[in-house]
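Report on one structure; see the data block that follows.
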Protein chains: 2
Amino acid sequence: MKRVSFSDQRCSLAQALEVIGEWWTLLIIREAYFGTRRFSDFQSRLGIARNVLSDRLDRLVENGLLQREPASPGAKRVHYRLTDKGRNLVTVVVALVQWGDRWVSGPENAPIRMVDRATGAEIGDVQVRSQDGRPLAFHDIGLQPGPGADQAIHERFQETVTNDGAVRWRIRRHMAE
Amino acid sequence: MKRVSFSDQRCSLAQALEVIGEWWTLLIIREAYFGTRRFSDFQSRLGIARNVLSDRLDRLVENGLLQREPASPGAKRVHYRLTDKGRNLVTVVVALVQWGDRWVSGPENAPIRMVDRATGAEIGDVQVRSQDGRPLAFHDIGLQPGPGADQAIHERFQETVTNDGAVRWRIRRHMAE
DNA sequence: CGGTATCCCATTTGATACTG
DNA sequence: CAGTATCAAATGGGATACCG
């Protein structure tokens with residue numbers, strides 16, 4: 001059966017997965033970070049089937065993560081280059097690589113080191129932070145209904161106002177109540 | 001045909017995708033962040049088929065992102081709770097949500113706000129940073145062969161030593177040379 | 001409630017052959 | 001080189017029925 005489209009889910013996570021959730025997509029993006037631009041280089045380095053690659057590249061261009069440009073001025077041959085939208089995914093990729101290094105492969109097996117160009121030192125761990133830069137641990141992050149929250153989302157939250165007028169949101173653990 | 005297993009790819013990104021690359025997996029993790037613990041709550045909130053959910057939960061437990069525990073002491077009913085390994089993915093999820101908010105949905109449509117519990121202010125953008133906390137833009141990040149680099153990886157880099165003895169790595173754009 | 005077992009279809013994927 | 005076209009196999013996913 002057709003998988004439910006995530007696009008009707010409001011969550012940005014689902015929306016993002018709609019774009020990059022395909023198996024190969026992030027690996028293609030990663031290859032692009034490496035500077036790979038040509039069809040055949042993507043193909044041989046990733047070991048991906050040509051038709052699948054073709055399809056994924058099309059979709060990535062369509063979605064604005066990659067752009068096609070003439071390999072040399074006037075040539076019909078094209079290169080695939082990252083757009084800002086694609087480049088902006090670097091946080092996700094780095095976070096994912098670091099997670100994989102830490103919990104799956106083990107840091108000692110990391111095939112790639114990512115360094116700060118300016119100093120040559122390894123980059124830091126990607127972290128969630130407050131706007132003023134304090135690292136936030138899992139439990140420091142609170143959830144609230146956002147500007148685009150629909151009925152279903154609102155139903156999952158319970159709003160309470162404390163004595164001093166501050167507003168708190170609590171997440172309902174179970175719907176039935 | 002059988003899809004190539006990413007596990008034989010050295011890259012931690014591929015390894016991570018092996019664990020969480022499945023369509024539903026990250027959404028289940030997100031639900032767990034919301035505090036969802038029961039099978040039926042996952043099911044009804046995500047709208048996922050029961051057998052698929054069953055399979056994904058099994059795999060998540062197998063891979064150590066979730067753990068099963070008795071719903072109440074002595075009960076046979078179980079809850080699914082995040083492990084540290086699962087919780088640690090929060091960076092990835094937040095980065096992905098923020099990317100989706102920014103590039104796909106538009107921030108004004110964000111159904112969920114993530115705030116710093118201590119202040120109630122929105123959390124900051126997840127960023128790649130140097131170890132001493134400077135934000136690193138895409139081009140500030142350099143790549144080098146890591147401790148687990150194999151022959152194939154090494155071949156993609158060219159090592160050069162500058163006059164003053166510093167070592168630089170350059171990525172070969174094309175293999176043939 | 002919390003699953004498991006079956007069944008079946010849609011999609012993805014890889015291999016191969018072909019084209020400009 | 002840079003794809004497109006076609007095809008078969010594997011898998012993912014949904015629906016439904018069943019069970020303790």
Side-chain angles (χ1 to χ4, degrees), chain A residues 1-9 14 17-28 31 36-62 66-72 74-81 173-177, chain B residues 1-9 14 17-28 31 36-62 66-72 74-81 173-177:
Chain A
M1 290 272 162
K2 185 175 174 65
R3 80 158 43 102
V4 289
S5 169
F6 288 143
S7 54
D8 58 330
Q9 296 207 22
L17 287 175
E18 192 81 22
V19 178
I20 58 150
E22 221 65 51
W23 281 80
W24 282 112
T25 308
L26 267 189
L27 291 172
I28 292 175
E31 264 309 308
T36 300
R37 295 182 188 171
R38 299 195 307 196
F39 187 92
S40 62
D41 286 332
F42 281 109
Q43 201 274 318
S44 61
R45 288 172 182 172
L46 289 171
I48 183 177
R50 307 167 69 76
N51 52 348
V52 177
L53 175 59
S54 180
D55 183 77
R56 291 299 169 277
L57 288 174
D58 281 352
R59 189 176 303 256
L60 282 168
V61 169
E62 225 172 80
L66 292 178
Q67 59 192 17
R68 261 183 265 264
E69 55 183 37
S72 50
K76 58 187 173 190
R77 188 136 319 182
V78 297
H79 276 175
Y80 295 89
R81 304 198 58 176
R173 192 164 301 281
H174 306 298
M175 282 306 219
E177 53 187 310
Chain B
M1 289 271 160
K2 185 177 176 63
R3 79 157 42 102
V4 289
S5 168
F6 289 142
S7 55
D8 56 330
Q9 296 208 23
L17 287 175
E18 192 80 20
V19 178
I20 59 149
E22 223 63 53
W23 280 79
W24 282 112
T25 307
L26 266 190
L27 292 171
I28 293 174
E31 264 310 306
T36 301
R37 295 181 189 171
R38 300 195 307 197
F39 186 93
S40 61
D41 286 332
F42 281 109
Q43 202 273 317
S44 61
R45 290 174 181 171
L46 290 171
I48 183 177
R50 306 165 69 73
N51 53 349
V52 177
L53 175 59
S54 180
D55 182 77
R56 291 299 170 277
L57 288 174
D58 281 352
R59 189 177 301 257
L60 282 168
V61 169
E62 225 172 80
L66 292 177
Q67 59 192 18
R68 260 184 267 263
E69 55 183 38
S72 49
K76 58 185 173 192
R77 189 136 316 182
V78 297
H79 276 175
Y80 294 89
R81 305 198 57 178
R173 194 164 301 280
H174 305 299
M175 282 305 220
E177 52 188 309

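Protein chains get the first letters and strands the later ones, always in sequence-line order, with residue 1 at the start of each.
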Practice item. Taking side chain to side chain contact (heavy atoms under 4.5 Å, CB included) as the test, write out the residues that go with B/Arg68, two or more places apart. Key: B/Asp58, B/Val61, B/Val78, B/Tyr80

Check your understanding: From D/dG3, C/dG14, D/dA2, pick the nucleotide closest to the side chain of A/Tyr80?
Key ->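 Comparing D/dG3, C/dG14, D/dA2 against the side chain of A/Tyr80, the answer is D/dG3.
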
[X] [atom1] to [N] [atom2]: how many Å, rounded?
{"X": "A/Arg45", "N": "D/dA2", "atom1": "CZ", "atom2": "C1'", "result": "16 Å"}
{"X": "B/Arg59", "N": "D/dT11", "atom1": "CZ", "atom2": "C1'", "result": "11 Å"}
{"X": "A/Leu17", "N": "D/dG12", "atom1": "CG", "atom2": "C1'", "result": "15 Å"}
{"X": "B/Asn51", "N": "C/dG3", "atom1": "CG", "atom2": "C1'", "result": "11 Å"}
{"X": "B/Phe39", "N": "C/dG3", "atom1": "CZ", "atom2": "P", "result": "6 Å"}
{"X": "A/Asp55", "N": "D/dT6", "atom1": "CG", "atom2": "P", "result": "15 Å"}
{"X": "B/Ile28", "N": "D/dG12", "atom1": "CD1", "atom2": "C1'", "result": "13 Å"}
{"X": "A/Gln43", "N": "D/dG3", "atom1": "CD", "atom2": "C1'", "result": "11 Å"}

Considering only nitrogen or oxygen atoms on both sides, find all protein atoms under 3.5 Å from nucleotides 17-20 of chain D and state each distance.
none

Check your understanding: Checking all strands, does A/Phe42 fall into the base, sugar-phosphate, or nothing category for heavy-atom contacts under 4.0 angstrom?
Key ->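 Since no nucleic acid heavy atom lies under 4.0 Å of A/Phe42, the category is nothing.
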
Exercise for review: Could you walk me through whether A/Phe42 and A/Ile48 pass side chain to side chain contact (heavy atoms under 4.5 Å, CB included), step by step?
Suggested key: CA-CA 8 Å; A/Phe42 281 109; A/Ile48 183 177; 5.6 Å; no

List in chain and number order the residues that pass side-chain hydrogen bond (donor to acceptor under 3.5 Å, both in side chains) with [X], two or more places apart in sequence or in another chain; answer none if no residue qualifies.
{"X": "A/Gln67", "answer": "none"}
{"X": "A/Gln43", "answer": "none"}
{"X": "A/Arg50", "answer": "none"}

**Study point:** Qualifying residues under salt bridge (charged side-chain N to carboxylate O under 4.0 Å, His left out), relative to A/Arg77, sequence neighbours excluded
**Key:**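 Checked A/Arg77 against salt bridge (charged side-chain N to carboxylate O under 4.0 Å, His left out); zero matches.
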
Practice item. List the steps and the verdict of side chain to side chain contact (heavy atoms under 4.5 Å, CB included) for A/Glu22 and B/Trp23. Key: CA-CA 8 Å; A/Glu22 221 65 51; B/Trp23 280 79; 3.5 Å; yes

Exercise for review: Hey, which sits more toward the 5' end of DNA chain C by its nearest nucleotide, B/Ser40 or A/Ile48?
Suggested key: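 On the 5' side of the pair lies B/Ser40.
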
Practice item. Verify the contact: side-chain N or O of B/Trp23 to OP1 or OP2 of C/dA10, cut-off strictly under 4.0 Å; return yes or no. Key: no

Point to revise | Phosphate OP1/OP2 of D/dG3 contacted by A/Ser54 side-chain N/O (<4.0 Å) | key: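 The answer is no; no side-chain N or O of A/Ser54 sits under 4.0 Å from OP1 or OP2.
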
